[in-house]
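FYI, side chains are in, hydrogens and waters are out, and symmetry mates aren't considered; it's all heavy atoms of this structure.
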Amino acid sequence: MNTHHKLNYIELPGNNFEATKAFYASVFGWQFESYGPEYLAFTDGVLDGGFYTSDQQSRIDNGAALVILYSACIDATLVAVQSAGAVIAKPMFDFPGGRRFHFLDPNGNELAVWSDA
């Protein structure tokens with residue numbers, strides 16, 4: 001459902017769509033639909049988005065927004081992310097209200113996972 005003035009869609013750069021699909025499907029359960037060789041759409045069941053063909057990378061050190069996913073069991077998510085081959089960009093740390101870590105996906109994009117548990 002589309003809601004006025006609410007986040008609706010997110011796009012990230014990508015250059016390896018097969019690895020992208022394998023990683024996000026296995027770790028986070030995302031589903032994908034290809035729109036030709038230059039665009040890969042996804043849904044996580046709540047938010048939709050896509051990967052567009054680019055050699056650029058979305059990282060906070062170059063001023064990009066940080067996409068943060070929630071986990072009810074962050075330790076298990078960390079193991080799954082590492083087992084799927086992601087690079088841990090910022091190890092687990094505590095902050096007021098929870099814990100979080102950052103990882104680099106198969107395209108080199110930086111995302112984070114947080115938990116309040």
Side-chain angles (χ1 to χ4, degrees):
M1 178 169 104
N2 296 322
T3 304
H4 184 65
H5 288 175
K6 300 298 179 190
L7 290 177
N8 181 260
Y9 202 87
I10 187 165
E11 292 185 329
L12 295 165
N15 58 16
N16 187 338
F17 289 167
E18 290 306 313
T20 299
K21 287 191 290 190
F23 174 79
Y24 285 104
S26 70
V27 176
F28 299 108
W30 293 6
Q31 296 177 336
F32 293 90
E33 185 170 343
S34 178
Y35 289 93
E38 295 187 6
Y39 199 84
L40 178 65
F42 71 83
T43 185
D44 69 0
V46 176
L47 182 69
D48 295 336
F51 292 88
Y52 57 89
T53 300
S54 175
D55 289 328
Q56 299 289 322
Q57 298 165 334
S58 178
R59 294 193 184 175
I60 60 172
D61 62 358
N62 65 18
L66 181 62
V67 175
I68 304 173
L69 300 109
Y70 176 78
S71 174
C73 186
I74 197 166
D75 294 317
T77 302
L78 176 60
V79 169
V81 164
Q82 291 176 308
S83 295
V87 172
I88 301 304
K90 189 179 282 191
M92 188 84 70
F93 63 93
D94 294 326
F95 64 92
R99 296 188 302 154
R100 170 169 124 182
F101 69 90
H102 296 205
F103 67 91
L104 303 180
D105 77 1
N107 303 294
N109 297 315
E110 182 176 357
L111 289 88
V113 177
W114 86 282
S115 180
D116 55 0

Practice task
Just do the side-chain contact (heavy atoms from CB on, under 4.5 Å) check on Trp114 and Phe95 with the steps written out, would you?
Solution key: CA-CA 10 Å; Trp114 86 282; Phe95 64 92; 3.8 Å; yes
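Scanning both residues, Glu38 and Phe17, for their nearest heavy atoms gives C-CE1, 3.8 Å. What you find for Thr53 and Tyr39 is that their closest heavy atoms are OG1-N, 4.4 Å. Among all heavy-atom pairs drawn from Val113 and Ser71, the shortest one is CG1-CB, 3.6 Å.
Counting heavy atoms of neighbouring residues, nucleotides and ligands inside a 6.0 Å radius, atom CD of Gln57 exceeds 12 of them. By the 6.0 Å contact criterion, CD on Gln31 is open, its count of non-hydrogen atoms from other residues, nucleotides or ligands being 12 or less.
Looking at Asp105, its side chain never comes within 3.5 Å of a backbone N or O of Phe23 through a donor-acceptor pair. Under the 3.5 Å distance criterion, the side-chain polar atoms of Asn109 are matched with a main-chain donor or acceptor of Ser58. Judged by distance alone, with hydrogens and angles left aside, the side-chain atoms of Thr20 form no donor-acceptor pair with the main-chain N or O of Asn107 at under 3.5 Å.
When side chains are defined from C-beta on, Asp116 counts as touching Tyr70, because their heavy atoms get closer than 4.5 Å. Looking at Tyr24 and Leu111, their side chains come closer than 4.5 Å, going by heavy atoms from C-beta outward.
We find the OG-CE distance between Ser115 and Met92 to be 8.5 Å, quoted to the nearest 0.5 Å. The structure places CD1 of Ile10 at 9.0 Å from CZ of Phe51, a figure rounded to the nearest 0.5 Å. One finds the CG atom of Leu78 at 9.0 Å from the OG atom of Ser83 (value rounded to the nearest 0.5 Å). Separation of atoms CG (Leu12) and OH (Tyr52) is listed at 7.0 Å; rounding is to 0.5 Å.
Taking the centre of each ring, Phe28 and Phe42 stay at or above the 6.0 Å mark.
Connection of Leu104 to Leu66 is not established within any shared hydrophobic cluster, with ILVMFWY side chains joined at heavy-atom distances below 4.5 Å, either directly or through further cluster members. Placement of Ile74 and Val87 in two distinct hydrophobic clusters is found when ILVMFWY residues are connected by side-chain heavy-atom separations under 4.5 Å, directly or transitively.
The side-chain contact (heavy atoms from CB on, under 4.5 Å) search around Ser26 returns Ala84, not counting sequence neighbours. Residues meeting the side-chain contact (heavy atoms from CB on, under 4.5 Å) test with Asp48, sequence neighbours left out: Tyr9, Thr43.
Between His102 and the options Glu110, Lys90, Arg59, a side-chain hydrogen bond (donor to acceptor under 3.5 Å, both in side chains) holds for only Glu110.
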